[in-house]
Q: 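Sharing a structure with you now.
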Amino acid sequence: MKAVRYIQTLGSVRNYYRSMNEIFSTAFGKAHMLHYPFYLKENETLEERQNNLVDHCLTYIGDLKGKHMLEVGCGNGLNCHYIDLTYGAEHITGIDLNQENLAIARTHHENERIRFIHDNAQELKNIPDQSVDVMICIESAFHYPDKNAFFKQISRVLKPEGVFLIVDIVRSPGDAGKSLWFWKKQKLLFHADEKEYRQYSSGNNLIFQQVENITDRIIRGYEGHLSWIKRTNMNLVHYLLMKIFTGLQVRLNVAQLRSHKQYMLFYGRHANSA
Ligand SMILES: C[S@@+](CC[C@H](N)C(=O)[O-])C[C@H]1O[C@@H](n2cnc3c(N)ncnc32)[C@H](O)[C@@H]1O
């Protein structure tokens with residue numbers, strides 16, 4: 001059954017996140033963030049490298065005291081939880097389309113400072129105009145078919161002095177992004193390139209103050225991945241299955257980043273407040 005479930009991850013974005021949550025919980029005894037790892041030093045765990053990516057993003061943003069942060073595409077809520085514990089924003093809202101991820105987030109991480117809402121990044125129906133000091137979007141925007149609508153929402157919900165930060169997997173220059181059309185549609189993969197990102201930003205009265213290519217750090221983040229999954233309380237078949245699944249996943253992610261994708265960070269604000 002597990003094998004069938006893992007193969008199904010190829011079929012849809014919902015199955016993919018269900019399997020990822022299950023694999024992380026089984027392998028590590030608790031949920032993990034759902035994004036790629038970021039290398040800082042040798043012999044780090046997957047969890048440390050996932051935290052590293054959030055920390056790297058937060059170096060751009062600075063002090064969160066008294067701020068309202070919005071995480072768009074918050075997944076299972078672990079980023080919001082980590083930011084709450086580590087950086088202490090006044091209030092954090094996480095929104096996501098996936099109800100299973102939201103259920104995990106609400107069960108484990110909702111408290112008086114953090115709330116999770118079902119919403120679409122391209123609509124943000126539940127987020128009032130000019131209500132957000134800091135918006136972050138970590139490895140989610142490649143799922144949005146209409147990124148211009150997303151940028152329009154950023155422009156609408158940010159306070160005049162607010163800032164936003166997006167990390168996303170984008171197409172490298174020259175990658176037409178036309179292969180595997182059916183698969184991409186099922187998995188909701190709509191990678192933009194940096195040029196398109198700049199157009200969406202300037203077209204919605206936003207400006208990037210910093211753009212950073214962190215592809216090398218992400219590729220190195222996978223170093224040592226074979227030692228991450230330990231055979232704790234799993235039977236041998238399940239353990240081997242997970243090793244195979246994660247091995248394939250890592251190879252696929254790294255191969256993409258070495259050939260036709262880049263992992264980019266975009267930090268910006270309203271153009272007239274820069
Ligand atoms: C790779 S996960 C990242 C989750 C989280 N940001 C993290 O870093 O762990 C991408 C998330 O984006 C969400 N997502 C995809 N399309 C979305 C949309 N249109 N609006 C809101 N969330 C979306 C998915 O449901 C998934 O939870």
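Atoms within each ligand, like the ligands themselves, are counted from 1 in listed order. Every value quoted in this text rests on a predicted model; they were computed, and no experiment measured them.
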Q: Using a 3.5 Å cut-off on N/O to N/O, what pairs does ligand 1 make with the protein? A line per pair would be great.
A:
from     : atom 1 : to   : atom 2 : distance (Å)
ligand 1 : 6 (N)  : E71  : OE2    : 3.0
ligand 1 : 6 (N)  : G73  : O      : 2.7
ligand 1 : 6 (N)  : N79  : ND2    : 3.3
ligand 1 : 6 (N)  : I138 : O      : 2.9
ligand 1 : 8 (O)  : H35  : ND1    : 2.6
ligand 1 : 8 (O)  : N79  : ND2    : 2.8
ligand 1 : 9 (O)  : L34  : N      : 2.8
ligand 1 : 12 (O) : S140 : OG     : 2.7
ligand 1 : 19 (N) : N120 : OD1    : 3.0
ligand 1 : 20 (N) : A121 : N      : 2.9
ligand 1 : 22 (N) : L97  : N      : 3.4
ligand 1 : 25 (O) : D96  : OD1    : 2.6
ligand 1 : 27 (O) : D96  : OD1    : 3.3
ligand 1 : 27 (O) : D96  : OD2    : 2.7
ligand 1 : 27 (O) : N101 : ND2    : 2.9

Q: Name all residues meeting the side-chain hydrogen bond (donor to acceptor under 3.5 Å, both in side chains) criterion together with D133; count only those two or more places apart in sequence or in a different chain, and write none if there are none.
A: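 In terms of side-chain hydrogen bond (donor to acceptor under 3.5 Å, both in side chains), with neighbours along the sequence ignored, D133 is linked to K159.
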Q: Run the salt-bridge test on E194 and R198 with the 4.0 Å N-O cut-off and return the result as yes or no.
A: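 Yes, this pair counts.
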Q: Decide, yes or no, whether a salt bridge links D119 with K125 under the criterion of side-chain N to carboxylate O below 4.0 Å.
A: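 Salt bridge flag = no for K125 with D119.
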Q: For Y222, check ring pair (Phe, Tyr, Trp, His ring centres under 6.0 Å) against everything at least two apart and list the hits.
A: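 With sequence neighbours excluded, Y222 shows a ring pair (Phe, Tyr, Trp, His ring centres under 6.0 Å) to Y36, given in chain and number order.
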Q: Tell me, which pairs form a salt bridge (Lys or Arg N to Asp or Glu O under 4.0 Å) where one or both residues lie in residues 71-93, sequence neighbours left out?
A: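 Residue pairs passing salt bridge (Lys or Arg N to Asp or Glu O under 4.0 Å), neighbours aside: D84-R113.
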Q: CD/Q262 to OG/S172 distance, rounded to the nearest 0.5 angstrom?
A: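 Going from the CD atom of Q262 to the OG atom of S172 covers 4.0 Å.
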